[in-house]
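Only one structure is covered here, and it is reproduced in the block below.
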Amino acid sequence: MIINKDIMRDNNERSVLQAVVNHGPISRNEISKLLGLNKVTVSDIVGNFIDRQLVLSSGESHSSSTSGRKPELVEYNSSYGSVINFTISGHELEMLVTKFDGRTLEYSMTEINKLPIKDIISKMEELIDQLPQFDVVNGLQAISIAIFGVVYNGEIIISPFIDFEDFDLVRHFKDRYSVPVILENEANLAALFEQDFSKQELQNIISIGIHEGIGAGIIINTRLYTGNYGQAGEIGRIISREDNQDRKQLAKLPSFNSQWSQQALIAKAALIKKRSIVFTSNVCSGLQCS
């Protein structure tokens, strides 16, 4: 079997960087043992990362039992750049700007109340363009967009709260800001966040989000599971049935979203407490909530 040298180099670089992110500060020798790669190959890749400022030297190891010069430790440079993360729901547009290690640089929440997609995009661009210059090496490196709905291969298949009008969000923001753009279901991204930033090495995760709808992000054997056309985890689209309902009325049955979403649960609580309730964006009055 013939393996392309460029592909092999790219895979090795990804593996080394992942090892530094997950296990740093770490020495070149430890990376070599962890990945089963040649020491010269690892040293060459790490040196390249240091030159690019993706990786920083964090001094010598104090735990080495060998005599002589202590091995140099390297760690991920979380200030290499910034990442902008958007979440678009039916009522709100959230923006979170972070360093590469997830630390918050900026956060904002804007009410959109089901505005047309072109107006939402204008607000997103306005928020990006008004950001200050952050103390990072290379500025903006990527944009992520989380939506409530089904996403498949970077395209929105179904969104119950916003009419995206087949607008290509990925292409639009990639062309405007010249950075990689990721579009994904909100619950899927939440599961990836838990996997990447958890202190435990989680192999299998189910992350459930209850907002305007109910969704689950599923990770199996460290890989995101999206199912047929991205529909895995769409709990809110499951139809619920009560015992006294005729099977012929299946089309009229309530879904999980209508019964167990955040707003539905608040409405049930208001009914129990015998209070009136009015929803405004994600805030309700009559029954204290936010």
Side-chain angles (χ1 to χ4, degrees), residues 7 10-11 14-15 17-18 21-22 83-96 98 100-102 117 120-121 124 141-175 177 179-240 253-262 264:
I7 295 176
D10 184 61
N11 289 336
R14 289 174 183 269
S15 296
L17 185 59
Q18 187 175 38
V21 172
N22 292 339
V83 179
I84 297 175
N85 312 275
F86 284 106
T87 300
I88 305 174
S89 71
H91 296 290
E92 296 174 349
L93 171 66
E94 291 183 276
M95 181 184 71
L96 175 67
T98 69
F100 272 23
D101 61 356
I117 184 58
I120 295 174
I121 291 169
M124 294 168 72
Q141 293 296 298
I143 296 173
S144 76
I145 303 172
I147 68 125
F148 294 83
V150 178
V151 178
Y152 181 69
N153 286 345
E155 295 184 11
I156 300 170
I157 306 301
I158 298 171
S159 177
F161 308 117
I162 295 290
D163 182 4
F164 287 93
E165 302 175 4
D166 294 325
F167 191 93
D168 193 340
L169 289 171
V170 173
R171 174 57 57 186
H172 176 82
F173 284 98
K174 185 176 181 180
D175 289 346
Y177 296 101
V179 296
V181 178
I182 296 173
L183 173 68
E184 187 52 87
N185 170 271
E186 179 268 347
N188 287 344
L189 290 180
L192 290 173
F193 177 87
E194 291 296 332
Q195 181 187 47
D196 290 343
F197 292 98
S198 172
K199 293 182 179 180
Q200 305 177 44
E201 292 189 9
L202 302 174
Q203 302 286 320
N204 303 287
I205 303 171
I206 297 179
S207 175
I208 298 177
I210 302 177
H211 305 281
E212 292 166 273
I214 305 173
I218 304 170
I219 291 178
I220 301 175
N221 294 329
T222 72
R223 294 184 177 274
L224 181 66
Y225 177 75
T226 58
N228 188 37
Y229 290 99
Q231 297 183 89
E234 287 296 301
I235 300 173
R237 298 178 64 205
I238 298 173
I239 295 174
S240 60
L253 292 178
S255 66
F256 266 62
N257 280 343
S258 65
Q259 296 296 305
W260 303 107
S261 68
Q262 184 184 58

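- The side-chain contact (heavy atoms from CB on, under 4.5 Å) test with Ile145 is passed by exactly one of Val170, Ile88, Ile182: Ile88.
- When every heavy atom of Ala187 is checked against every heavy atom of Ser207, the shortest pair comes out as CB-O, 4.3 Å.
- Contact of the Asn85 side chain with the Thr87 side chain is not registered, since no non-hydrogen atoms from C-beta on lie closer than 4.5 Å.
- Summarising the local packing, CG of Asp175 is surrounded by more than 12 heavy atoms from other residues, nucleotides or ligands at distances under 6.0 Å.
- Judged purely by atom type and a 3.5 angstrom limit, Asn185 uses its side chain to pair as donor or acceptor with the backbone of Gly149.
- Within a 6.0 Å radius of CD1 in Ile206, other residues, nucleotides and ligands contribute 12 heavy atoms or fewer.
- Residues passing the side chain to side chain donor-acceptor pair (under 3.5 Å) test with Tyr177, sequence neighbours excluded: Asp129.
- Considering CG of Leu189 and CD of Glu194, their distance stands at 12.0 Å, rounded to 0.5 Å.
- Between the CD1 atom of Ile143 and the CG atom of Leu183 there is a distance of 12.0 Å, given to the nearest 0.5 Å.
- The number of heavy atoms from other shown groups lying within 6.0 Å of CG (Leu96) is above 12.
- Taking 4.5 Å as the limit, every side-chain heavy atom of Gln141 sits out of range of all side-chain heavy atoms of Val179.
- Remark: Leu169 CG to Ile117 CD1 distance equals 5.0 Å, nearest 0.5 Å.
- The number of heavy-atom neighbours closer than 6.0 Å to OH of Tyr225, taken from other residues, nucleotides and ligands shown, is 12 or below.
- When side chains are defined from C-beta on, Ile208 counts as touching Ile214, because their heavy atoms get closer than 4.5 Å.
- Using a 4.5 Å heavy-atom cutoff, the side chains of Val151 and Glu155 are not in contact.
- In this structure, OG on Ser89 lies 9.5 Å from CD on Glu186, to the nearest 0.5 angstrom.
- Heavy-atom minimum distance, Tyr229 versus Ile157: O-CG1, 4.3 Å.
- In this structure, Phe86 and Phe173 have tilted ring planes: the angle between them lies in the 30° to 60° band.
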Report the C-alpha separation of Ile219 and Leu192 in whole Å, then their side-chain angles, then the decisive distance to 0.1 Å, and conclude whether the side-chain contact (heavy atoms from CB on, under 4.5 Å) test is met. CA-CA 8 Å; Ile219 291 178; Leu192 290 173; 4.1 Å; yes

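- Here the closest non-hydrogen pair linking Ile205 and Ala191 is CD1-O, 4.0 Å.
- Taking CD1 of Ile121 as the start and CZ of Phe164 as the end, the distance is 8.5 Å to the nearest 0.5 Å.
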Verdict with supporting geometry, Asn204 and Asn221, side-chain contact (heavy atoms from CB on, under 4.5 Å): CA-CA 6 Å; Asn204 303 287; Asn221 294 329; 3.8 Å; yes

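- Rounding to the nearest 0.5 Å gives a distance of 4.5 Å between CD1 of Ile147 and CD1 of Ile156.
- Other residues, nucleotides and ligands contribute over 12 non-hydrogen atoms within 6.0 Å of the CD atom of Gln231.
- Of all non-hydrogen atoms in Gln195 and Arg223, the two that sit nearest each other are NE2-N, 4.5 Å.
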